[in-house]
Structures are given as C-alpha cells and as structure tokens.
Colleague: 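What follows is a structure written as structure tokens; I'll ask about it next.
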Amino acid sequence: MNQSEETAKISVKDLSLFYGDKQALYSVSLDIEEKKVTALIGPSGCGKSTFLRTLNRMNDLIDGVKITGDIVVDNEDIYKSNDVIKLRTKVGMVFQKPNLFPMSIYDNVAYGPRAQGIKNKKELNKIVEESLRGAAIWDEVKDRLKSSALGLSGGQQQRVCIARAIAMKPDIILMDEPTSALDPISTLKVEELIAQLKKEYTIVIVTHNMQQAARVSDKTAFFLSGEIIEYDVTNNVFSNPKDQRTEDYVTGRFG
Amino acid sequence: MTSPPIEKHNIGNGKSNKRKYMLESLSSKLFLLCALLSVLSLLLIVGFVFYRGSHPFIAEGYSFFEFIFGVDWVPGEDKFGIFPMIVASIYATIGSLIIGVPIGLFTAIFLSEIAPKRVAKIISPAVQLLAGIPSVLYGVFGLAIIVPFLQNYLGLAKGQSLLAVIVVLAVMMLPTIVTVAETSIRAVPKTYREGSLALGASEIGTIFKVVVPAAKSGITAAIVLGLGRAIGETMAVILIAGNSLIVPTSLTDSIRPLTTNIALEMGYAAGVHQEMLFATGIVLFSFIMILNFVLAKISARGAN
C-alpha cells in the first residue's frame, strides 16, 4: 500500500455508470481523504451529483441503472456487499432541498436511530441533543423540539437535516448542493458548520457555487461530461489549474 | 427562394364583434343552467324525501324516538321501528371495513411503492374494473357462490347472512379505497423516501414510518369513501342479506339493512307505510351526510 491509499477513506476506481443506454460517468477514479472536505464542481449535467449518489448507493432507487468499477469505503467494496442499510448508516446524506419529514423536530432527528432499533428514551434524548448541537441549531430549536419541523425556516431545516444525518454517527457525510435553496445568511451558517464538521467527518460536497467550493473545501474535483478533468488541492484548482477546461470553468468562461 | 410579399391588412377588418359577444354570453348562460341542474336535483330529491318522510311525525303523531329505537317493523299493525335495520347497516359497514380497509390499503401500498411497473400495470386496471361491475352482479355472485359456500362449509341453515353481506361489501369497496389511497401515496414527495432510505431505514420501514403517515389525509378520505359505498349499497345486499327483521347478534344472522328495507317495500307500500319508508331514507341520508361532512373536514385539514 502506498501513502495515498492509506489515508483514502473512499477509493473509487474506474467507475462507469449508465442510465439505461445513456452513459453518465466514464471510468471515474478518485481517492477521497479522511476528515477533509472534498468539493465536486462542474456544469449542470456533468455527473457530479450522480457520482455523489453512487457513494451511498442512492442510484439503486432508479430503474435501469448499471454500474461498473469499484468503490471501496474503509477497505470494503460497497457494491460487492449487499448490506445497503449498513452502508447508509455509515455514509450519511444531505440533499439539495431540505427534506425533513412531516413530524416534529425531535422525531426527525430520532428517526434514524429509531430505525436502528434504539428505543431507550434517555439514549434518544442524548442523541437528539448532541446531533442538534453538532449541527449548531440546538439553541434555536431546543424550546420547540416537539413542534413540526416544517415550521422552521429553510436554513434551519437544512441544519436539522444535517443534525438528522449526524444522529446516525456516520463516518462520511455527502452533501448534494446543500445551500442552493438557501439565502446568503443561511448559506454562510451552513458553510461555517461544514468547517466545524470536518474535524470529525469526511465530507463530500457537490456545489454549483465556485466561491463556496473555494471557501469550504480542501480538495476539488472538476467534472465535465461524466469525466474528472482535474482533481487537486482546492487552491491549485482555482489559482493554478493544469487543464485549460478547468481554467475556463473556474474563471467563469462557461458553465 | 423569396418569401411571398407580406400583404398589409387588418385581420379584424373593422367587422362588428357583436355576434361573438352574444354567443359568449349565451354559452356562459347555458353552462350555468347545466351547473344548476345538479343543485336543483339535489334540492328536489332531498326536499321530497324530507317532506314525505317527516310527515308522519309532524302531522300524524308518530314518535320519532319509537321509529329509531323500536324493534318491530310490522306495517300491517302500524308498528314502524327501524332499530334492527340501523344496527344491521352499521354492523355490515363496520364488518366490511375491517376486511376491506387492510386489503385495500396493502394493495394501494403494493401498487404505488413495491410492485414493479409491469406488475402494477396489470393489477391496477383489474382493481379499477372491479368498480365497473354492476352491483346486481355482485349480488348474484354472492348468492351463487358465497351463500352456498357458507351453507355447505359453515353449516348454516341459511347462507344469506351478515357474513355474506360483509364479504361482498368488502370486495365492492376495494376499488374506491385502492384508487384513492394509491393516488395519495403516489403524491408523497420522493424526497421523503430518499431522506428515509439515506438514513439507513429499510424500504418497508420507510413506507410505514414516513410515506403512509405523510399520505394520512388521503388514506382517511379513501376509507370514508369506501364506507359511504358500503352503507349506501342496496342491490347486491338485497340478494344476500336474507332480509330478516331481527337485531343481528352474530355474523350468521340474516339481516335487513336500511337500504334494502326501502327497496323491498316501496313497490307496494301506501299511506303511512310509504312515508315511513321515506323516513328510513332520511336516516340513511343523514348517515351519508355525516360521512361527507367528516370527509370534507379531513380533506380540508389535509390541504393545510
């Protein structure tokens, strides 16, 4: 094992993905490092969200998806094992739009642990509080844990979504354009949160917003037409890109 | 190729639009008339039933209390008590709900969440066709298959019974329940499912903890509609109920629900007897009005 493989939390080799006859990813290879923020950028339809969703097998839900290649998380090939539930407890996800369930804030955060069979009230209380604190939303919601989560603002909802994800104590959190539906102030709060979270979690974030990628990520992968064009330390990608296409994109010449 | 020269002319050409406006107002009046027709029918029917049905209690001194709670219905002896029929209607409806609701709900969940598209494409039209079968055929089916089955295998003296009614009504309410519940389950945003699955919940867990609760109001509406179908059904029930005038105490008792009482006797009834049948209609109508009211409340709450 060489140096880079030792620190790789997720190691993707030669991944191709087809929606029926249409190929969406072309032999993508990428090593994602532990406790770092990795940003995936690129124009709409470039495959970055599709790629993100292969990491917790959310693409399995779509009919007619075919995948070749390997994705190894903690030395385990996730497409060879059939335990999707175990994978998803380890790899959490935050979606583009806040998708809290129509239940109370408490029940939303406790949903995942309950699905894993945790029934003890004390334990659940502890998990809920820790998770909400971890997502920097505890102070805002602690007095209304029992009221509907859908009464919160969009930015608050998204942070409760993050709390819901960390309630599972995952290793990895996938974020699919988590701030694209939020106002600038809420976006800032989520970005600050991401900076906090990376101390404990490996984060992979898809974003349309290049300033965001530059602000929050350690490494950045640039996708174009289902391929990775460039993958490097974020600073290099933005200030010193090796590929002309990357430069055109990050300087705003297209996309 | 050159394009033909564009002729400059005024499309309206200065014609008067009087005829158009007349046609507009004429057609809108026609539509209004059609719309009023159903309101008018409703008022006429309700008014007529209430007028005739309330007559014996207002003008002829019959007690409404005795009508509702009296257990004897002997028109020849001037005894009009519909209590056995009310109980029969309620039992038959509740019984059919106990069988029909779980089967209908599980079918709806299966069709909308679990079944592969190909399978759903076969089952879904089959369920909907069930709604197209004339109710008398349900009765004939019940009489020819279920009634003899009960006689032969459960050893009943008479297979026409509460149980037979419950079974047939349960089948009859299936299409209503399945279609309405399926629609409301399909309307649950996909993001809820994704959110739940991404948290490591199983598919069945996701269905029962997130999807079904989110479709709660639609599912309740489905149940109430199915209930309305069961309580108002007449033709099928007439053939298999047995029509005995007793307060049912077991599933194997022969029953006479409110609807069949009207249908059976209206043909020859006259005078007070006929008016009492209209009064039976009022009771039935009230049941259904209450149901509709509940339904409207539920849908209003779902919309919020």
Side-chain angles (χ1 to χ4, degrees), chain A residues 49 52-53 55-64 83-104 107-118 131 148-150 157-158 160-170 172-176 181, chain B residues 105 108-124 180-223 297-304:
Chain A
S49 284
L52 188 78
R53 285 165 163 260
L55 300 179
N56 67 343
R57 295 186 59 170
M58 285 306 275
N59 287 322
D60 291 14
L61 305 180
I62 303 166
D63 282 339
D83 198 347
V84 188
I85 291 176
K86 191 179 141 210
L87 170 72
R88 290 181 184 150
T89 57
K90 188 166 161 171
V91 184
M93 189 164 199
V94 177
F95 295 81
Q96 188 168 357
K97 283 202 188 115
N99 60 347
L100 292 176
F101 308 130
M103 6 170 139
S104 71
D107 288 339
N108 263 283
V109 181
Y111 181 85
R114 277 181 181 147
Q116 294 305 311
I118 298 175
S131 309
S148 170
L150 302 186
Q157 288 194 25
Q158 195 62 306
V160 175
C161 283
I162 293 172
R164 193 173 65 175
I166 55 187
M168 296 303 294
K169 303 200 166 56
I172 301 162
I173 302 176
L174 310 177
M175 298 187 175
D176 189 359
Chain B
L105 265 190
I109 290 169
F110 177 75
L111 288 177
S112 54
E113 292 288 308
I114 299 166
K117 269 193 195 126
R118 277 175 298 123
V119 180
K121 261 188 191 147
I122 298 169
I123 298 179
S124 216
V180 178
E182 190 191 340
T183 312
S184 69
I185 292 172
R186 279 192 197 281
V188 173
K190 219 180 76 193
T191 56
Y192 288 172
R193 285 179 197 99
E194 285 188 336
S196 170
L197 292 170
L199 287 166
S202 64
E203 300 211 5
I204 297 294
T206 299
I207 289 170
F208 283 102
K209 298 253 172 58
V210 174
V211 178
V212 168
K216 200 171 47 190
S217 64
I219 288 172
T220 321
I223 294 170
K297 278 273 169 223
I298 293 163
S299 351
R301 203 176 43 186
N304 288 337

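The shown structure was predicted, so the numbers you read here are calculated from the model rather than taken from an experiment. Proteins come first, then strands; the chains are lettered A, B, ... in the order of their sequence lines, and each starts at number 1.
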Colleague: Please look at A:Leu87 and chain B and tell me whether the side chain, the backbone, both or neither of the residue comes under 4.5 angstrom of a heavy atom of that chain.
Modeller: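 The answer is neither part of A:Leu87.
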Colleague: Return the option, out of A:Pro102, A:Ala165, A:Pro113, with the maximum number of heavy-atom pairs under 4.5 Å with chain B.
Modeller: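 Top count of heavy-atom pairs under 4.5 Å with chain B: A:Pro102.
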Colleague: Give the member of B:Gly205, B:Ser202, B:Gly195 that has the highest number of heavy-atom pairs under 4.5 Å with chain A.
Modeller: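 So the answer, after comparing B:Gly205, B:Ser202, B:Gly195, is B:Gly195.
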Colleague: Is chain B contacted by the side chain of A:Asp63, its backbone, both, or neither, given a heavy-atom distance below 4.5 Å?
Modeller: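 Just the side chain, heavy atoms under 4.5 Å.
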Colleague: Measure distances from A:Val91 to the heavy atoms of chain B and classify the residue's part below 4.5 Å as side chain, backbone, both or neither.
Modeller: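 Just the backbone, heavy atoms under 4.5 Å.
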Colleague: Which bit of A:Gln96 comes within less than 4.5 Å of chain B, counting heavy atoms only: side chain, backbone, both or neither?
Modeller: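 For A:Gln96, neither part sits under 4.5 Å from chain B.
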Colleague: Which residues in residues 112-124 of chain B have any heavy atom closer than 4.5 Å to a heavy atom of chain A?
Modeller: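 Counting heavy atoms that sit under 4.5 Å from chain A, the residues of residues 112-124 of chain B involved are B:Lys117.
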Colleague: Is there a donor-acceptor contact under 3.5 Å linking the side chains of A:Arg164 and A:Asn108?
Modeller: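 Yes.
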Colleague: As an exercise, state the distance from CD of B:Glu203 to CZ of B:Arg193, rounded to the nearest 0.5 Å.
Modeller: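 B:Glu203 atom CD to B:Arg193 atom CZ measures 10.5 Å (nearest 0.5 Å).
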Colleague: Which residues pass the ring pair (Phe, Tyr, Trp, His ring centres under 6.0 Å) test with A:Phe101, sequence neighbours left out?
Modeller: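 Counting only residues at least two positions away or on another chain, A:Phe101 forms a ring pair (Phe, Tyr, Trp, His ring centres under 6.0 Å) with A:Tyr111.
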Colleague: Just verifying a value: how many Å separate A:Leu100 CG and B:Tyr192 OH, rounded to the nearest 0.5 Å?
Modeller: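 It comes to 8.5 Å.
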Colleague: Tell me if the NZ atom of A:Lys90 is crowded by more than 12 foreign heavy atoms within 6.0 Å.
Modeller: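 Yes, the 6.0 Å shell around NZ holds more than 12 heavy atoms from other groups.
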Colleague: Would you give the length of the straight line joining atom CD1 of B:Ile219 to atom OG1 of B:Thr183, rounded to the nearest 0.5 angstrom?
Modeller: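 Between B:Ile219 CD1 and B:Thr183 OG1, I get 11.0 Å after rounding to 0.5 Å.
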Colleague: Looking at CD of B:Glu182 and CG of B:Leu111, how far apart are the two atoms once the value is rounded to the nearest 0.5 Å?
Modeller: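 It is 4.5 Å, given to the nearest 0.5 Å.
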Colleague: Examine whether an atom of A:Arg114 lies under 4.5 Å from a heavy atom of chain B, and if so say whether it belongs to the side chain, the backbone or both; otherwise answer neither.
Modeller: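 Looking at A:Arg114, nothing touches chain B.
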Colleague: Please report the interatomic distance CG(A:Asp176) to CD(B:Glu194), rounded to the nearest 0.5 Å.
Modeller: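 It is 9.0 Å, given to the nearest 0.5 Å.
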Colleague: Nearest 0.5 Å, please: how far is CG in A:Asn99 from CG in A:Leu150?
Modeller: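 A:Leu150 atom CG to A:Asn99 atom CG measures 10.5 Å (nearest 0.5 Å).
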